[in-house]
Chemist: 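One structure follows; several queries about it will come next.
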Amino acid sequence: MHISQALETVLVNSHTVDFDSLSDVLDPGLIETGLSIAGVSTIRTRRLPMEQMVWAVLGMALFRNMSIKQLVSQMDILLPGKVPYVAPSAVVQARQRLGYEAIEHIFNLTAGHWNQQADHPNWCGLTLLGVDGVVFRTEDTPENSAAFARTKSHTGEACYPQIRMVCQMELTSHLLTASRFDSVDTNEMILAEDLIPHTSDNSLTIFDKGFYSLGLLYKWQSTGEQRHWLLPLKKHTQYEVIRSLGKQDQLVRLTTTPQSRKKFADLPHTIEARLLTKTIKDKEVKILCSLVDPMRFPAADIVDLYSTRWEIELGFREIKQSMLQNTYTLRSRKPDMVKQELWGVLLAYNLIRYQMVLMAASLGKDITPSQLSFKESASYIVFQLATLPYVAPGRVPRVVMNITEMASYFLLPGRRERCYPRCIKSSKQKYPVRKKNAGQLN
């Protein structure tokens with residue numbers, strides 16, 4: 001029994017149980033829509049049609065220790081034939097026919113659908129989003145070296161070609177809403193600009209201070225309705241105080257540069273923003289934001305909101321350490337297949353995360369998905385998905401129900417308030433340091 005057939009069985013038999021989420025998580029209709037948008041034909045006479053190859057790409061992210069040949073057998077995605085296996089070269093050719101654009105469209109479709117279905121908590125009517133970047137390594141092949149750059153430092157050039165990725169994440173659920181990636185020599189703010197069309201209205205996006213660009217922030221705010229931003233104020237930033245809104249709360253005016261006005265045609269000469277200052281653990285923190293209405297957005301909460309940006313860092317850790325098992329180098333050897341693999345990683349992560357949203361919802365409104373252990377939840381969910389091909393159709397709804405019934409087992413204890421002050425570390429030496437012997441110490 002194929003996984004897609006099992007999922008369709010869940011959809012047909014959903015009236016037998018009070019649960020129909022798996023058909024939402026892995027809706028075959030979304031897969032077919034993504035393939036049609038990408039213009040990928042599905043030839044049913046092949047042993048590996050394109051709908052099934054989508055599952056193989058997902059399996060590459062979920063089962064990192066398996067070869068692509070083992071994945072096809074493990075996930076039972078072959079159509080019936082004379083022989084119970086397929087040549088590895090046929091799988092590679094099927095991946096090439098599928099391409100990366102189809103997986104990208106499926107990710108965008110499912111990300112929009114899952115975020116609409118999830119009941120995200122909000123702050124003052126705004127959905128909390130985070131934007132940040134992360135770097136992945138690729139195999140050192142001539143094709144990848146030509147497509148992707150390598151980072152450089154005082155010690156030399158990196159050994160592997162690298163990809164820079166910028167993601168947008170809903171911070172309470174860790175669900176990714178959008179992503180863009182390119183060679184590592186591409187600036188993060190260029191990639192972040194491509195995320196603006198995917199940003200929802202009535203939202204607050206929290207950036208790191210490295211994304212400070214008045215052109216980017218103004219375009220982010222002015223593209224839709226109530227699309228706010230927040231980030232720490234960079235040192236030596238020049239601004240003019242317009243008036244005071246309260247204690248350590250000011251309305252300021254920022255002047256844009258001629259270069260930014262040339263790049264962003266609609267960028268005005270000046271921008272008004274709100275600057276808040278708060279002393280946290282004997283350290284003065286300054287936060288710049290577009291939340292200029294003091295009646296709607298209380299100053300006491302805005303500075304503390306920046307700490308929620310760390311949730312996207314935890315999400316990157318979940319992807320790299322838990323899901324990819326610390327194998328930071330992607331397995332694909334050609335640029336298009338690297339992009340396909342990365343979109344499959346993001347799709348698989350969202351698949352697990354949306355299931356965790358449903359698990360948290362089954363425990364009550366006071367529980368958020370971030371309070372569940374990703375590592376344990378992911379292991380259990382992946383195990384259930386892997387066993388679906390071997391489950392009788394009549395038992396599929398029961399297996400699906402078990403996922404939410406186990407939700408309370410994955411609850412984490414409350415987070416501890418820990419602080420590790422930054423310390424200056426000695427830089428790496430380009431040349432080895434010769435140790436003195438005992439005689440030279442005197």
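The first residue of the sequence shown is numbered 1, and numbering continues consecutively from there.
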Chemist: Taking atom types as modelled and ignoring hydrogens, do the side chains of Asn202 and Thr127 form a donor-acceptor contact shorter than 3.5 angstrom?
Modeler: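 The answer is no; no qualifying pair exists.
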
Chemist: Does a side-chain heavy-atom distance below 4.5 Å link His174 with Phe374?
Modeler: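 Side-chain contact under 4.5 Å: no.
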
Chemist: Short question: side chain of Arg309, backbone of Leu231 - any donor-acceptor pair under 3.5 Å?
Modeler: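 Judged by distance alone, no pair lies under 3.5 Å.
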
Chemist: Only pairs under 3.5 Å count here: list side-chain donor-acceptor contacts from residues 286-303, not counting sequence neighbours, and write none if there are none.
Modeler:
from, atom 1, to, atom 2, distance (Å)
Ser290, OG, His228, ND1, 3.0
Ser290, OG, Trp229, N, 3.0
Asp293, OD1, Met295, N, 3.1
Arg296, NH1, Gln226, OE1, 3.1
Arg296, NH2, Cys124, O, 3.2

Chemist: Before accepting this row, confirm whether a basic side-chain N of the pair Glu341/Arg64 lies closer than 4.0 Å to the acidic partner's carboxylate O.
Modeler: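 Yes.
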
Chemist: Under a 3.5 Å threshold, yes or no: a donor from one side chain and an acceptor from the other, between Thr270 and Glu272?
Modeler: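 No - no donor-acceptor pair under 3.5 Å links their side chains.
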
Chemist: Is there a donor-acceptor pair under 3.5 Å between the side chain of Ser322 and the backbone N or O of Lys375?
Modeler: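 Checked: no pair found.
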
Chemist: Let me see the working for Tyr306 and Val285 under side-chain contact (heavy atoms from CB on, under 4.5 Å), right down to the final yes or no.
Modeler: CA-CA 10 Å; Tyr306 180 71; Val285 178; 6.0 Å; no

Chemist: Could you pull out the closest heavy-atom pair between Asn115 and Leu176, with the gap in Å?
Modeler: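 So the minimum-distance heavy-atom pair works out to ND2-O, 3.5 Å.
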
Chemist: For the residue pair Thr256 and Arg261, confirm or rule out a side-chain donor-acceptor distance under 3.5 Å.
Modeler: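 A pair is found: one side chain offers a donor N or O, the other an acceptor, under 3.5 Å apart.
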
Chemist: Below 4.5 Å, heavy atoms only, C-beta onward: do Tyr349 and Leu346 meet side chain to side chain?
Modeler: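 When only atoms from C-beta onward are counted, Leu346 and Tyr349 do not touch, as no gap falls below 4.5 Å.
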
Chemist: Under the side-chain hydrogen bond (donor to acceptor under 3.5 Å, both in side chains) criterion, do Thr368 and Gln371 qualify, and how do the steps go?
Modeler: CA-CA 6 Å; Thr368 62; Gln371 294 176 264; 3.2 Å; yes

Chemist: Please check if any side-chain donor atom of Glu311 sits under 3.5 Å from a side-chain acceptor atom of Ser370, or the reverse.
Modeler: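 Distance-only check fails for Glu311 and Ser370.
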
Chemist: Heavy-atom distance under 4.5 Å between the side chains of Arg150 and Val184, does that happen here?
Modeler: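 Side chain of Arg150 against side chain of Val184, heavy atoms only: no contact under 4.5 Å found.
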
